[in-house]
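As structure tokens, the structure follows; a few thoughts come after it.
Please read these numbers as outputs of a predicted model, since none were measured by experiment. We number each residue from 1, following the sequence as shown.
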Amino acid sequence: MTSKKMVSLVIGVLILSVLLPVILSVWLAHYQAEKDFINDLNTYGERVIMRTKRVVDQAKTALVEIDAYKGTPCTEDHLKAMRQIAYVQRYVQEVIWLDGLKPLCSSMESKSTQIQFSPPTRTTHDGYRLWLTSENDLGIKHNMVALASKHHMVMIDPNSFADVISFSSWTIHVALIAIDSKKVISDNRDFDLALWQQAQREGDESLIKNGNLYDFRNYPDLGISLVIWASTKPLTASWHRQLLIWLPVGILISLAGAWLIVRELRRLQSPYYNMLDAINDRVIEVYYQPIVLLSTGKIVGAEALARWRQSDGTFLSPDMFVPLAEETGLITRLTQLVIEKTFDDLGPWLNCHPEQHISINLYPDDLTSTVLPTVIAGRLQQWRLSPSQIALELTERSMVDPKSSAQALDAYRKAGHAIYIDDFGTGYSSLSYLQDLDVDLIKIDKTFVDALEFKHLTSHIIGMAKALDLAIVAEGIETESQREWLNRHGVQYGQGWLYSKALPKGDFIFWAEDNLRKS
């Protein structure tokens with residue numbers, strides 16, 4: 001993946017890193033508030049069910065105790081036993097002796113009125129009959145829950161089922177509904193039975209309506225359905241409180257994540273990654289500046305020069321990106337790209353013109369590379385070219401350590417490549433390494449060519465090269481007078497705008513073919 005794609009990815013991650021923690025903190029605040037709200041409802045509902053079971057268990061205990069009485073029914077001893085149970089058992093309102101479905105006496109009356117209960121609503125799994133009824137032996141119209149064994153019945157006020165204190169910070173309401181009769185047994189606030197009927201039809205366990213959250217639970221063993229509900233206004237208030245806790249945390253995480261990603265983004269947008277992308281995407285082009293015989297103007301070869309086109313169409317100067325490549329450790333990859341493109345561009349042309357050559361620049365790190373010799377050898381074989389058709393140029397600063405350079409240069413020379421010294425006279429002491437290194441040609445820097453008429457240093461450089469039996473190329477020739485002077489002083493080759501600027505592949509081949517036809 002290129003750093004451009006990485007930058008796009010990182011920007012996307014940056015946006016997520018800013019938004020996601022904030023969104024997550026809002027969600028967590030709502031989740032926590034809702035969780036607390038539901039927990040309170042669940043806790044209250046569990047307590048109501050515990051109370052209901054306790055009341056029912058107490059009613060069954062009362063029936064077991066009174067059924068243990070073996071005396072004559074409705075006698076004073078029997079009435080006393082029933083009154084004691086009603087007195088001791090907190091939730092039992094009345095104990096009644098039954099003859100079938102007809103009450104004969106109770107803990108409240110020695111002799112009951114002439115009524116008869118309807119058949120029971122249901123029978124529990126352990127054999128007790130159960131009613132939700134307003135019938136009683138006192139003639140009072142009040143819904144009661146009745147639980148009966150064979151001969152005894154206990155009456156329970158259904159309000160005792162829902163008489164549970166809520167410990168939450170908001171008001172919770174409850175309703176108990178008889179599943180069989182579909183009637184409200186008990187509630188601590190008026191409940192719309194239509195909501196329960198809707199939930200039963202649609203199988204809903206909860207619903208929000210009219211600003212309330214309703215929770216429905218069925219307990220078939222008890223024959224009841226429990227409905228718990230509360231206003232959602234406290235939920236909103238709780239969410240706002242939770243937001244005050246979670247939102248700052250989310251913002252801090254967002255800022256920390258953004259800082260880390262911005263730092264990574266700056267790294268990916270650094271010159272190193274821009275250069276790496278340019279190499280990987282092979283957008284760096286190679287231009288070719290002809291090298292000619294000064295005596296005739298005939299082309300003998302060319303120098304391969306890297307050109308980096310920017311997004312606005314302009315070219316970045318090699319004086320800027322080559323040092324960058326050296327500083328960032330990318331110079332050898334850049335050199336390999338130039339070598340590969342040179343062969344791709346001019347391999348067929350060089351094959352047709354075996355007397356022509358291309359010189360390619362090497363840099364200090366390139367001399368220790370084991371990859372470049374292999375790449376050059378492979379491409380020479382691919383295009384069936386002679387090693388002499390590829391010359392290697394080194395700047396004087398590549399010779400800081402002539403001993404380490406000598407071994408690599410010797411290997412290239414043995415492979416058949418000519419060795420050029422570029423920008424001669426601008427770097428380190430020239431004579432010291434020219435005496436130690438086996439080179440073929442020196443290139444006089446443009447600064448000395450520009451000063452031919454004012455300084456005599458150029459003639460001294462030419463004399464030194466002749467003394468060492470080295471060929472000479474003069475760079476940056478722009479005028480005919482410069483060409484004449486250099487030719488007169490024994491410089492064999494030249495390059496510069498007098499002949500041609502550096503050209504892209506197609507233009508160079510056209511220029512070279514035209515030059516060869518005219519020569």
request  = For S225 and W196, run side-chain contact (heavy atoms from CB on, under 4.5 Å): C-alpha distance rounded to whole Å, both residues' side-chain angles, the deciding distance at 0.1 Å, then the answer.
outcome  = CA-CA 9 Å; S225 181; W196 176 81; 2.8 Å; yes
task = Kindly indicate, with the supporting measurements, whether the criterion side-chain contact (heavy atoms from CB on, under 4.5 Å) is fulfilled by Y91 and V154.
result = CA-CA 10 Å; Y91 302 115; V154 292; over 6 Å; no
task = Evaluate the side-chain contact (heavy atoms from CB on, under 4.5 Å) criterion for residues D422 and E303: first the C-alpha distance (whole Å), next the side-chain angles of each, then the deciding distance (0.1 Å), finally the verdict.
result = CA-CA 11 Å; D422 194 15; E303 179 183 1; 4.2 Å; yes
task = Evaluate the criterion salt bridge (charged side-chain N to carboxylate O under 4.0 Å, His left out) for residue pair K505 and D507; output intermediate values, then yes/no.
result = CA-CA 6 Å; K505 173 187 70 173; D507 294 342; over 6 Å; no
Audit row: F343, I390, side-chain contact (heavy atoms from CB on, under 4.5 Å) steps and yes/no = CA-CA 10 Å; F343 278 100; I390 299 297; 3.7 Å; yes
request  = Take N42 and R47, measure what side-chain hydrogen bond (donor to acceptor under 3.5 Å, both in side chains) needs, and give me the verdict at the end.
outcome  = CA-CA 8 Å; N42 290 339; R47 293 175 61 225; over 6 Å; no
Residues H78, Y69; criterion ring pair (Phe, Tyr, Trp, His ring centres under 6.0 Å); working and verdict = CA-CA 7 Å; H78 185 213; Y69 177 78; 4.9 Å; yes
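Looking at R83, its side chain does come within 3.5 Å of a backbone N or O of S107 through a donor-acceptor pair. For the pair R129 (side chain) and R122 (backbone), a donor-acceptor distance under 3.5 Å is absent. Judged by distance alone, the side chain of D281 and the main-chain N or O of V283 form no donor-acceptor pair under 3.5 Å. Judged by distance alone, the side chain of K341 and the main-chain N or O of R282 form a donor-acceptor pair under 3.5 Å. Remark: the backbone N or O of Y128 is paired with a side-chain donor or acceptor of T124 at under 3.5 angstrom.
Between the side chains of D365 and T332, no donor-acceptor pair of N or O atoms lies under 3.5 Å. With 3.5 Å as the limit, one finds a donor-acceptor pair spanning the side chains of S359 and E393. Of the N and O atoms on the side chains of T75 and D77, not one donor lies less than 3.5 Å from an acceptor on the other residue.
Note that CD of E65 is 15.0 Å distant from NZ of K60, once rounded to the nearest 0.5 Å.
By the 6.0 Å contact criterion, CD on Q381 is open, its count of non-hydrogen atoms from other residues, nucleotides or ligands being 12 or less. The environment of F315 atom CZ is dense: over 12 non-hydrogen atoms of other residues, nucleotides or ligands sit within 6.0 angstrom. Taking a 6.0 Å sphere around CZ of R54, one finds it holds 12 or fewer heavy atoms contributed by other residues, nucleotides or ligands.
One finds no salt bridge joining K182 and D180 here, because no Lys/Arg side-chain nitrogen approaches an Asp/Glu carboxylate oxygen to under 4.0 Å.
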